[in-house]
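The block underneath contains the structure these notes are about, expressed in structure tokens.
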Amino acid sequence: MSGTERETRFVHAASDPRRQGGYVNPPVHRASTVLYESTAAMDASQADPLKRRMPVYGRFGTPTARAFEEAVAELEDGYAAVATCSGLSAITTAVLAYVRSGDHLLVTDSAYLPTRKFCDSLAALGVRTEYYDPRTDGAGIAALIRPETRLLLLESPGSTTFEVQDVPAITAVCRARGVVTVADNTWATPAFCRPLALGADVVVHSATKYLTGHADSILGVIVGTADTFPVVRAAAIRLGQCAGADELYLGVRGVRTLHVRMAWHQIQAMEMARWLGKQEGVAAVLHPALPEDPGHALWQRDFTGAAGPFGVELERGFTKADVDALLDRLRVFGLGHSYGGYESLIVPADPVSHRLPGTWHDRGPLLRVHVGFEGLDDLKEDLTNGLLALTGH
Ligand SMILES: *Cc1c(COP(=O)(O)O)cnc(C)c1O
């Protein structure tokens with residue numbers, strides 16, 4: 001459907017009701033064993049090393065998995081996708097597909113913290129991870145690449161601090177030097193950014209967030225190009241990666257309404273970000289769609305919209321007890337991890353414990369806000385009460 005309008009693609013990507021008895025949605029295949037009609041059919045099923053053409057065994061994917069994978073691959077303008085049990089496992093699988101002992105790995109300093117912990121753990125396998133400032137330009141990345149640099153992992157905007165990276169410049173430098181680039185596109189989703197079109201080799205998602213979109217599943221997906229997909233798929237097979245039937249179903253169901261949900265998240269979050277920027281006690285709002293944000297120009301160039309989560313930096317000097325008073329006063333915003341569901345969430349997100357010196361210093365306490373679909377007046381009233389608690393009222 002490459003010539004089709006994008007909105008139409010979200011609704012119909014890779015959907016073929018004729019394959020499923022005419023029903024609009026794919027069935028939930030709960031499956032391990034596949035029965036063969038003959039030994040010849042069994043032998044034929046073994047011929048495909050990537051185990052995609054014929055059903056072989058549940059771990060290699062079911063029709064429910066294919067429905068989700070094919071839809072996401074099409075929306076990301078990728079060649080094919082492989083579903084995994086979580087967003088983190090999508091990242092670990094994509095990285096393990098490429099790195100070998102002795103390799104050097106470049107990772108954005110703004111990466112999701114568990115991504116960072118995984119990359120650090122690779123030291124035990126002889127892989128050295130170096131973190132780079134997410135504001136580094138193409139020339140800066142070129143200076144960091146060594147003969148043994150194998151892979152660069154980027155996330156734009158970054159988790160908790162929301163720096164936008166110059167993805168086309170970074171991927172161009174990496175491609176010229178033979179370094180594979182993996183982009184975590186969880187924040188933007190294919191509704192607002194397609195990193196493969198910006199030069200990335202692999203895209204990973206925590207489908208737990210917007211793709212499923214209702215805080216009811218843990219799911220990951222990796223999208224590759226014709227060059228990278230076979231490498232990633234082979235790694236997923238070796239590592240035993242697969243996703244549960246219900247999660248896959250919720251993933252494909254979520255994708256159908258993704259562009260509508262994202263459009264509304266964008267409107268709600270923009271209004272809350274602008275409003276929060278004017279409130280007492282707030283030092284800065286980290287949201288790349290705000291014109292004053294340092295990442296605004298890159299965001300405007302490379303993205304077609306802005307998702308729900310953004311950062312709120314409070315004035316310096318507030319203590320943990322002050323911030324806790326704010327959070328404990330809230331009644332509409334939920335205090336909880338993750339994002340991408342229909343409900344608004346807030347969490348403390350201070351990156352000071354793990355960031356490179358210089359990328360986040362002398363700043364006030366940081367919160368991450370995810371704006372859901374509640375009424376804006378209720379959300380503002382809730383935060384007004386929280387900010388009063390912050391300042392001791
Ligand atoms: C949540 C998240 C992940 C991890 O996803 P899970 O599905 O929770 O494993 C990875 N990257 C980003 C940017 C995330 O927000």
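From a predicted model like this one, the values you see are computed outputs, not experimental measurements.
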Review point. Linking I/L/V/M/F/W/Y whenever any side-chain heavy atoms sit under 4.5 Å apart, do I237 and I91 land together?
Key: no

Practice item. May I ask you to check whether D184 and T186 show a side-chain donor-acceptor distance below 3.5 Å? Key: yes

Review point. Charged N to carboxylate O below 4.0 Å: is that the case for D77 and R9?
Key: yes

Check your understanding: Under the 3.5 angstrom rule, does the side chain of E74 hit a backbone N or O of A14 as a donor-acceptor pair?
Key -> yes

Review point. With under 30° as parallel and over 60° as perpendicular, where do the rings of F303 and W187 fit, or are they tilted in between?
Key: perpendicular

**Study point:** T319 and D322 side chains, donor-acceptor separation under 3.5 Å
**Key:** yes

Review point. L211 and V82: same hydrophobic cluster, using ILVMFWY side-chain contacts below 4.5 Å?
Key: no

Review point. How about H370 and H265: do any of their side-chain heavy atoms sit closer than 4.5 Å?
Key: yes

Review point. What's the verdict on side-chain hydrogen bond (donor to acceptor under 3.5 Å, both in side chains) for Y131 and D120, showing C-alpha distance, side-chain angles and the deciding distance?
Key: CA-CA 10 Å; Y131 295 95; D120 288 342; 2.7 Å; yes

Point to revise | Co-membership, hydrophobic cluster, residues L154 and V204, 4.5 Å side-chain | key: no

Revision key, fill the gap. Sorted by chain and number, sequence neighbours left out, side chain to side chain contact (heavy atoms under 4.5 Å, CB included) with L125 holds for L122

Point to revise | Counterpart residues, side chain to side chain contact (heavy atoms under 4.5 Å, CB included), relative to D48 (two or more places apart) | key: L50, R52, R53

Check your understanding: By the rule that ILVMFWY residues connect when side-chain heavy atoms come within less than 4.5 angstrom, directly or transitively, which residues belong alongside V347?
Key -> none

Point to revise | Inter-residue atom distance T84.OG1 - L219.CG, 0.5 Å rounding | key: 6.5 Å

Exercise for review: Quick one: pull up CZ in R363 and CG in L314 and give me the separation to the nearest 0.5 Å.
Suggested key: 11.5 Å

Review point. Looking at residues at least two apart in the chain, or sitting in another chain, which of them share a ring pair (Phe, Tyr, Trp, His ring centres under 6.0 Å) with F118?
Key: none

Review point. What pairs with T161 under side chain to side chain contact (heavy atoms under 4.5 Å, CB included), at least two apart in sequence or on another chain?
Key: S110, E163, P351, R355, W360, L366

Exercise for review: Name all residues meeting the ring pair (Phe, Tyr, Trp, His ring centres under 6.0 Å) criterion together with H259; count only those two or more places apart in sequence or in a different chain, and write none if there are none.
Suggested key: F10

Exercise for review: Using the test side-chain hydrogen bond (donor to acceptor under 3.5 Å, both in side chains), find all partners of D350 that sit at least two apart in sequence or belong to another chain.
Suggested key: none

Point to revise | Nonpolar side-chain network containing Y23, other nodes, edges under 4.5 Å | key: none

Practice item. Give, for atom CG of L250 and atom OG1 of T212, the distance between the pair rounded to the nearest 0.5 Å. Key: 7.0 Å

Exercise for review: Return the set of residues passing ring pair (Phe, Tyr, Trp, His ring centres under 6.0 Å) with F310 (not counting sequence neighbours), or none when no residue passes.
Suggested key: H287

Exercise for review: Measure centre to centre between the rings of Y249 and H29, then say whether the value is under 6.0 Å.
Suggested key: no

Check your understanding: Below 4.5 Å, heavy atoms only, C-beta onward: do D293 and P288 meet side chain to side chain?
Key -> yes

Exercise for review: Evaluate the side-chain proximity of L106 to V179: yes if any heavy-atom separation is below 4.5 Å, no if none is.
Suggested key: no

Review point. Which residues, ordered by chain and number, are linked to V260 in its hydrophobic cluster, where ILVMFWY side chains connect at heavy-atom gaps below 4.5 Å, directly or through other members?
Key: none

Review point. Would a 4.5 Å heavy-atom cut-off, applied to side chains only, mark L376 and W275 as touching?
Key: no

Practice item. Answer yes if F229 and L75 sit in the same cluster of Ile, Leu, Val, Met, Phe, Trp and Tyr residues linked by side chain heavy atoms under 4.5 Å apart, and no otherwise. Key: no

Point to revise | Electrostatic pair D166-R135, nearest N-O below 4.0 angstrom | key: no

Review point. Centre of Y112's six-membered ring, under 6.0 Å away, within 45 degrees of the axis: is that where NZ or CZ of K209 sits?
Key: yes

Point to revise | Residues clustering with W264 (ILVMFWY side chains joined when closer than 4.5 Å, directly or via others) | key: I267, Y342, F373

Check your understanding: Residues in side-chain hydrogen bond (donor to acceptor under 3.5 Å, both in side chains) with D16, at least two apart?
Key -> R18

